[in-house]
Amino acid sequence: MEVKNLSTGRLCLLSKGAFESKGVQSVKDFFTSTTRGSTRGDRVNITVKRSAKGAGFPEKRLALVIGNSNYTSMSYLRNAQSDAVDVSTTLQDLGFDVIECFESGYNDMKDALHRFSTMGGGYDVILFYYAGHGVQEDGVNYLIPIDNPMEFKSSLKEALNADDVLGIMEACGAKNRMMFLDACR
């Protein structure tokens with residue numbers, strides 16, 4: 001379902017997963033849980049959805065899917081969240097257990113990555129997918145949370161370092177690891 005924010009004119013994609021991740025039952029509850037005044041709320045709940053088709057695959061599969069579109073200080077990305085929702089749905093159909101993290105601030109992204117790293121050791125295949133803003137500084141790639149003001153170079157301290165994500169994936173010990181970044185830099 002698409003809902004238009006009349007104050008900003010932006011469209012917000014509301015999937016079943018997005019509702020479940022917020023623990024809400026209605027569009028009104030969704031916006032109440034994600035909006036404070038004209039800016040984003042404090043936290044986004046992170047959920048793991050088990051795939052009903054997972055038993056049909058010989059290996060255990062885990063994915064972390066992050067989709068950020070609605071930035072507070074950067075340009076709105078029309079397709080990032082909807083792409084992440086589509087990837088999440090497809091991965092579930094392919095037998096992945098999926099950790100979804102949509103419209104995420106820095107702490108939400110860190111929490112999701114921590115959960116992914118904690119769970120990853122018990123899986124044969126792990127996959128990381130990110131859609132949103134990205135930047136490169138001094139040869140390092142960063143994945144930008146929606147609440148990062150990106151005013152100064154020091155703002156990168158509150159962004160995910162893509163090399164750290166790779167390191168976490170390697171440390172999990174999963175036999176197969178994949179990383180997809182849908183971000184400019």
Please report the interatomic distance [atom1]([X]) to [atom2]([Y]), rounded to the nearest 0.5 Å.
X: His133; Y: Ser73; atom1: NE2; atom2: OG; answer: 10.5 Å
X: Ile126; Y: Lys60; atom1: CD1; atom2: NZ; answer: 12.5 Å
X: Ile144; Y: Leu160; atom1: CD1; atom2: CG; answer: 9.0 Å
X: Leu62; Y: Leu127; atom1: CG; atom2: CG; answer: 9.0 Å
X: Ile66; Y: Phe116; atom1: CD1; atom2: CZ; answer: 9.0 Å
X: Ser88; Y: Ile99; atom1: OG; atom2: CD1; answer: 10.5 Å

Would you say that [X] contacts [Y] through its side chain, given a criterion of any heavy-atom pair below 4.5 Å between the two side chains?
X: Leu181; Y: Phe128; answer: yes
X: Met119; Y: Arg115; answer: yes
X: Asp83; Y: Asp182; answer: yes
X: Asp97; Y: Arg61; answer: no
X: Glu100; Y: Gln92; answer: yes
X: Met109; Y: Leu143; answer: yes

Closest approach of [X] to [Y] (non-hydrogen atoms, all atoms of both residues):
X: Ala112; Y: Cys101; value: CB-SG, 3.8 Å
X: Ser104; Y: Asp108; value: CB-CB, 3.9 Å
X: Gly120; Y: Ala174; value: O-CB, 4.4 Å
X: Ser69; Y: Gln81; value: OG-N, 2.8 Å
X: Gly67; Y: Ala84; value: CA-CB, 3.6 Å
X: Asn68; Y: Ala80; value: O-CB, 3.1 Å

Following the transitive rule for hydrophobic clusters with a side-chain heavy-atom cut-off under 4.5 Å over Ile, Leu, Val, Met, Phe, Trp and Tyr, establish whether [X] and [Y] coincide in one cluster.
X: Phe102; Y: Tyr106; value: no
X: Tyr130; Y: Leu156; value: yes
X: Val135; Y: Leu113; value: yes

Those residues that, when tested against [X], pass side chain to side chain contact (heavy atoms under 4.5 Å, CB included) (two or more places apart):
X: Thr89; value: Val85, Asp93
X: Lys157; value: none
X: Glu170; value: Arg177
X: Val87; value: Val65, Leu91, Tyr129

| said: I'd like to know if the side chain of Ser117 reaches the main chain of Ile168, judged simply by a donor and an acceptor atom lying under 3.5 Å from each other, with no hydrogens or angles considered. | reply: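 Not confirmed, Ser117 side chain does not pair with Ile168 backbone.
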| request: Before giving the answer on side chain to side chain contact (heavy atoms under 4.5 Å, CB included), spell out for Tyr71 and Asp147 the whole-Å C-alpha distance, their side-chain angles and the decisive distance to 0.1 Å. | output: CA-CA 6 Å; Tyr71 287 82; Asp147 58 357; over 6 Å; no
| request: With sequence neighbours excluded, give me every salt bridge (Lys or Arg N to Asp or Glu O under 4.0 Å) pair touching residues 124-145. | output: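 Residue pairs with at least one partner in residues 124-145: Glu137-Lys153, Asp138-Lys153.
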